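Data block below; observations after.
None of these values were measured; they are calculated from a predicted model.
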Amino acid sequence: MGLWEDLFGKQKQNIIKNKETAVNKSLDKNLEIIREMLVDCSDVVYREITIGCDDKFKAALIYVDGLVDKHLINDFVVENLMIYSRITPPSTKTIKKELSTIIKDKNLAVMEMKEVENIEAAVFDVLSADTILILDNYEKIISIGSKGWAGRSISQPETEAVIRGPKEGFVETLRFNTALIRRRIRDTRLKFKPYKIGRRSKTDVCIAYIEDIVNKDVLKEVKRRLETIDIDAIIDSGYVEQLIEDNWKSFFPQIKSTERPDVISAELYEGKVAIIVDNSPFVLVVPTTFNSMMQSAEDYYERWGIATFIRMLRYLGVLLSLYAPALYIAITAFHPEMLPIKLSMSIAANRAGVPFPSVLEAIIMELALEILREAGVRLPGPIGATIGIVGGLVVGQAAVEAGIVGPIMVIVVAVTAISSFAIPSYNLAIGFRLLRFLLILASAVLGLYGVMLGTLIILTNLCSLKSFGVPYLSPFTSYVKQSSDLKDTFVKAPFIGLGVRNTVSDKNQRKRMNDIRDEDFNEEEGS
Amino acid sequence: MHKKIVICIALTTLLLTGCWDQIEIEDILQVGAIGIDKYVPAAEDNKSINDKQPIEEEIEKNLFIYTFAFPELNIEELSNIVISSVGDSLYSIGRSLTNRTNHEMIYGHLRVVVLNSDVAKDERAFREILDEVEDHEFISRRVILLMTDEAAADIINVNPEINPIVGRFISEMFSRKDRSPRAQRGDISSILGDIHESGNALIPKIISGEKDVKISGAGVINNYEFIGWLDELDTTQVMIFRGDADIVGTRIPDYKGVNIPIDVQYKKSKLKLVESEDNIKIVAEIQAEGDIKRASFEGKVDTLNPDVVKDIEKTACDTVKKQMESAIDNVQKEFKTDVLNIDRFLRRYHYDLWEEVRGDWDEIFPNIDIEVDVNLKIRRVGLAR
């Protein structure tokens, strides 16, 4: 096809139409149709068998190789159909009309089984790792649940490691993930509502919520937004996140994603909605606030004092990772009189040999750091650590000694990098990474004034954001309605103070804990 | 359309109000100290101040020599760079120095301004300099103003051994809490406060040594004019009188044949107006606590005996009182300048009387009666640690 044709040729949009073909009575005909649909699909396995002593009844099994549990099919389907039907044969007379019933109810020793009435549905089941059994002279197809592919086993989530707390993380298989949540919420009111999203991929998406605690408005909105997704394929929960978030222009993630089932369960108990996407170990939680992005699971597992201290450190980390280089530029290049005289002299003396203005110095170092970070992700584990040392220490030291950058700049950049790792939510931290560059530019042009302007813009954006109807900065922005949520922000109240759910949850289910302990556990008898 | 207008307005305000004065921190000269001397045309050309070929029309501009000190950019070794130039004001010299330096001079970290006493003798020059220092947008109100009877440039050129950056050295000396009040507070905001109020002030005096400088005594300013030096002992007494002194070392030279050093902490100084028909009489009540710094006194004085301590107290009171009276006498008779801030006291608390005397306070002040009532209590007779 020529370039001309490529650019200006007529386009034909092939839209996939959903047709429904009824199952034929004849096995051969059905097989023919299915073979035609799955032509050139080399991973599909067809197995035609005959049932009964006199080989009168034909049947066929179809499945996708690699997706199904072959032991289950061999031991409890094929063996039963082929061997046991011959060992204890019912008379041909009796089975003639009720063959299908006998097979379903008496012969197939498998748990999951259903019947489908059209061929497209049956083929979809095959592609979803079920095995279909087609019988001759029967207008339905039996679909046997035989999902059993090799997947990653449950392991510790690498991005959200904790010292204390459960060490299991979500995996790529949706069913395992729902099981991990169910193990923590043994409540009939925990619901997993399934969706299939993606015209071609037909990815399983599942929203989880606790029926009576969940915020009904949010739940309705989640359902509405999921239904509006019209895309050919969903590869990861990141797709869903970006397709349903409130404001795609913002730098801030409005949906929290986590690999930890304990976090998801805790959020469900707080009245939020989780969105589990098949093939992705990252489960989404809505609505999400800035505050909840700054929390880590461990805050709740350790004592409140240290949790409070660490949370404040994290907020300090946010400020440092956002402002450190911008402030350095603004103060050294615009307002040196703001520094104490000794510090100002030592910075000036350190910078004396540096050929670049501090802006360029900052941008060079920050870019170098970003490249290092990106390289570190790509490189295999042991080499990644080496690169960190070589890049960070050796190159930094050499750059200082060569007089390309000042030592203070290296400190600033290192502090920035370290503090950005103090932010528990990775996607929030990368948002700040971008904003840092904006602030560097603003401070390079306008000094502290620029930093303040940038701050105002960021704050305006933060204040205007909403996540599924909940203000992003709540509870900091709405004291009237949500003042009780402040107990779990900068300060994490002692556990006994967290007896009330946050205000996102349903109004009638706020209370979660009664303090019926004795006044003092250690009180002595009779005193 | 509206959006465009809003964006235009936002952009113009943004670009018109920003800080467009970017200059890298190593490209500025952070002036730490300024010395101001009167310019006397020398017989031979002075290369260091570049007055080799003054332009005819500008000769009248050559009033002062300004000497600037700024630290050299070197972490290992602290040292000062000194530049001098001739001109009539900080501004014009700053302008002319742009042709002599490759860095911009910034006064944000200025710590010390030293005035030669000859400059301060000229009322107009003194006013001009003060006004310029006060008005300068970068000069902090904590700048220390000092006077000297040597060349101010000599003071600036001293590289004190402890810290060769002379500006920082002097300002840190003034910020010491336990500094002896032999020179008064030097920060320009308090001096300007005094001057703007009455035209009178004390400006601490500085003298240079080979390897250090010393602050002692004060220059007396009467109506924007320097009239003389108050020596260090008198300065101390004035400071005590005004309640500005904190710790003063006192001694009773010959108490029963021994020398008793007392560390005195002054707590309060309260003025009182005593009504009398013929003359204004002021009583200053001074409260202080003392601490005897020796213990055995060769057995001649028993400091553990309360009666002895009471007696020492009384003697100490008398000593302090005597010193103070002589100092006050000096201020009243020799300088005839109210640096004791009695005018402030009268204006604040006895306004009617002040209204009567304000017109010729300069003549009245030397003749008023000032009585000192020292109340010194010895609290400790030897500390252990």
Practice task
Step through the shown structure and confirm whether more than 12 heavy atoms of other residues, nucleotides or ligands are within 6.0 Å of CG on B:Leu11.
Solution key: yes

Problem - Inter-residue atom distance B:Ile28.CD1 - A:Ser344.OG, 0.5 Å rounding - result: 6.5 Å

Exercise for the section: Flag yes if more than 12 heavy atoms outside A:Met312 fall under 6.0 Å of its CE atom; otherwise flag no. Expected result: yes

Practice task
To the nearest 0.5 Å, tell me how far B:Ile23 CD1 sits from A:His335 NE2.
Solution key: 13.0 Å

Exercise for the section: Kindly check if the number of other-residue, nucleotide or ligand heavy atoms within 6.0 Å of CD (B:Glu137) is above 12? Expected result: yes

Handout entry: Shortest non-hydrogen contact between A:Leu339 and B:His109, atoms and distance
Key = O-NE2, 2.8 Å

Problem - Among A:Ala349, A:Ala333, A:Ala330, A:Ser358, residue most engaged with chain B (heavy-atom pairs, under 4.5 Å) - result: A:Ala333

Problem - Heavy-atom proximity to chain A below 4.5 Å, by part of B:Gln30 - result: side chain

Fill in the blank from the handout: One option among B:Pro71, B:Ser140, B:Gly108 has the most heavy-atom pairs under 4.5 Å with chain A, and it is B:Pro71

Problem - B:Ile165 side chain near A:Ile341 side chain, heavy-atom distance below 4.5 Å - result: no

Exercise for the section: Take atom CZ of A:Arg373 as the centre, draw a 6.0 Å sphere, and report whether it contains more than 12 heavy atoms from other residues, nucleotides or ligands. Expected result: yes

Problem - Rounded distance [0.5 Å steps], CD in A:Glu361 versus CD in B:Glu24 - result: 8.0 Å

Handout entry: Spacing of B:Ile25 atom CD1 and A:Leu343 atom CG [to the nearest 0.5 Å]
Key = 7.5 Å

Handout entry: Spacing of A:Glu337 atom CD and B:Ile139 atom CD1 [to the nearest 0.5 Å]
Key = 12.5 Å

Practice task
Using non-hydrogen atoms and a 4.5 Å limit, figure out which bit of B:Tyr107 sits close to chain A: side chain, backbone, both or neither.
Solution key: neither

Handout entry: Closest-packed option against chain B by number of heavy-atom pairs under 4.5 Å, given A:Gly353, A:Ser346, A:Ala444, A:Pro336
Key = A:Pro336

Practice task
For B:Arg95, look at atom CZ and say whether over 12 heavy atoms of other residues, nucleotides or ligands are found less than 6.0 Å away.
Solution key: no

